[in-house]
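Just so we're on the same page: letters track the sequence lines, and every chain starts at 1.
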Number of protein chains: 2
Amino acid sequence: MKKFTSSSIPIVKRIADSTVRRLSLYLRFLEDFEKRGIATISSDELAARGGTTSAQVRKDLSFFGSFGKRGLGYSVAELSARLRQILGLEREWQVIIIGAGKIGAALAQYHGFSQRGFRIIAVYDADPDKVGRAVDGLVIRPLTDLADDAKRQAPDIAVLAVPAVAAQEVADLVVKSGIRAILNFAPHQLQVPETIAVKAVNMAMELEGLSFALTNG
Amino acid sequence: MKKFTSSSIPIVKRIADSTVRRLSLYLRFLEDFEKRGIATISSDELAARGGTTSAQVRKDLSFFGSFGKRGLGYSVAELSARLRQILGLEREWQVIIIGAGKIGAALAQYHGFSQRGFRIIAVYDADPDKVGRAVDGLVIRPLTDLADDAKRQAPDIAVLAVPAVAAQEVADLVVKSGIRAILNFAPHQLQVPETIAVKAVNMAMELEGLSFALTNG
DNA sequence: GATAACTTGTGAAGAAATTCACAAGTTCAT
DNA sequence: ATGAACTTGTGAATTTCTTCACAAGTTATC
């Protein structure tokens, strides 16, 4: 294994999306354990909580280093700190929400994001009727201001909560504004340069997955 | 390849989750093509739209049969009908939403679900202050009524939009009520019998995935 | 300090998913 | 009718992901 100092995280090879998702899951469990005052945990216990195997947990972590003690397990505090570091959660991320409809407004009002370091700094909408109104203390801004605003505020992540038909156009604008990550709630497959990170939350797709499971289970 | 009649869908082996997600995606594209009056489409065109490869498209479909014509491609109408059949979308599914907070209310008001055959028949909340109020024409019912209601209405899918701390308890109640599919919006890993289909929509996890990508990209 | 009971980290093996590559079928133009 | 241009369906090859299995390290007990 490649040697590294405690403050650097070596990315030896491309990390699979499934691995990153599990790391995120592990972190949530660790924070839970931390709250309950548990100091140490084994890969087995972590696996049981997340519906995976201890080998999977150890392999996932092994991509980034060796964080455990043989015979003992992992320090909950240390491992969660490491995972936060790996996931890039040591800093605050600036998030904008585009689309102040039902979903966009619900997201803007959901304080779980800011609690985890994702700070919502602006809400945009293309509809002049919505512009100027406030959502959870944020005044809805015209979408036409996005490019200019972005120059000053340099938001990190854009949450797209717009109708499917508008999604691609808005995504293009987002990319043009220099934003490098998109969380897409619109049921539309976005075409973006591969330097842009995109995650989609597609509720229709999840429901159809359940429909399939119920039909063919 | 196993022989089968045109009306039956043979599930030869366990279908991967990723395959089902792609089928759902293909269906969305096909519906789009259908609307635009396109009669025929090749696996290549379908793949380009979804960011995958033509071989992947053909392999995905091959698990369920042969729906195309060599040299020509797929009939848009026929393939989308087949996919709806495969995904179990020929019938209407009865959905209940548990939790009438921000997310729950936004979901209840989002008409995209019913348009796709997922009919929201009830909204529940444990909070007596919310019970009795209406969300988009549905009166919020007390969660304590769920078990009894379910006996009569036999809902198919429960959408969990409750706080993380309550999620497991509510999931247990849902399972006990005979509901076999759960769409979980709570940031909590549910423990349910393996006969129950569960999909999780975890926005914190998606955001952390973006954070990782931005940090290590 | 020796033994028993744990647990990690990791190569190797195994399983699963994706991509390749091509025979076989279809259409169209001439 | 023939040839050219397409496209599917699918075994085989390849790549990726997961699980196995065990050496090596730690702690606790006597």
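- Donor-acceptor pairing under 3.5 Å is lacking for the side chains of E206(B) and N202(B).
- Under the salt bridge (Lys or Arg N to Asp or Glu O under 4.0 Å) criterion, E45(A) pairs with no residue, sequence neighbours left out.
- Atoms CG (D60(A)) and P (dC17(D)) sit 11 Å apart, rounded to a whole Å.
- At a threshold of 4.5 Å between non-hydrogen side-chain atoms, the residues D136(B) and V123(B) do not count as touching.
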Next on the checklist: Base contacts versus sugar-phosphate-only contacts with protein, heavy atoms under 4.0 Å: please encode nucleotides 20-30 of chain D as B, S and - from 5' to 3'.
Outcome noted: BB-BBBB----

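- Considering only side-chain N and O atoms, Y74(A) lies nowhere under 4.0 angstrom from the phosphate OP1 or OP2 of dC6(C).
- Between F64(A) and I15(A), some side-chain heavy-atom pair lies under the 4.5 Å cut-off.
- For L79(B) and dT8(D), the CG to C1' distance is 12 Å, given to the nearest whole Å.
- By the ring pair (Phe, Tyr, Trp, His ring centres under 6.0 Å) test, F29(B) pairs with no residue at all, sequence neighbours left out.
- What separates CG of L46(A) from C1' of dT7(C) is a distance of 13 Å, to the nearest Å.
- Computed from coordinates, the L61(A) CG to dG9(C) P distance equals 7 Å when rounded to whole Å.
- Atom-to-atom, CD1 of I15(A) to C1' of dT18(D) comes out at 15 Å; the value is rounded to the nearest Å.
- When the C1' atom of dT8(C) is taken as reference, atom CD of E78(A) falls 13 Å away, rounded to whole Å.
- Summarising the geometry of H188(B) relative to A167(B), their closest heavy-atom pair is CB-CB, 4.1 Å, with the distance given to 0.1 Å.
- Taking atom CG of D17(B) as the reference point, atom P of dC17(D) lies 16 Å away to the nearest angstrom.
- Both E45(B) and T19(A) lie close to DNA chain D; mapped to their nearest nucleotides by heavy-atom distance, the more 5′-ward contact belongs to E45(B).
- Applying the 6.0 Å contact sphere to NZ of K199(B) captures more than 12 heavy atoms from other residues, nucleotides or ligands.
- Residue R14(A) contributes atom CZ, which lies 14 Å from atom C1' of dT18(C) at whole-angstrom precision.
- Here Q56(B) does not reach the OP1 or OP2 of dA17(C): none of its side-chain N or O atoms lies under 4.0 Å away.
- A sub-4.0 Å separation between OP1 or OP2 of dT8(D) and a side-chain N or O of S43(B) is present.
- Between R22(A) and dT18(D) there is a side-chain polar atom (N or O) within less than 4.0 angstrom of OP1 or OP2.
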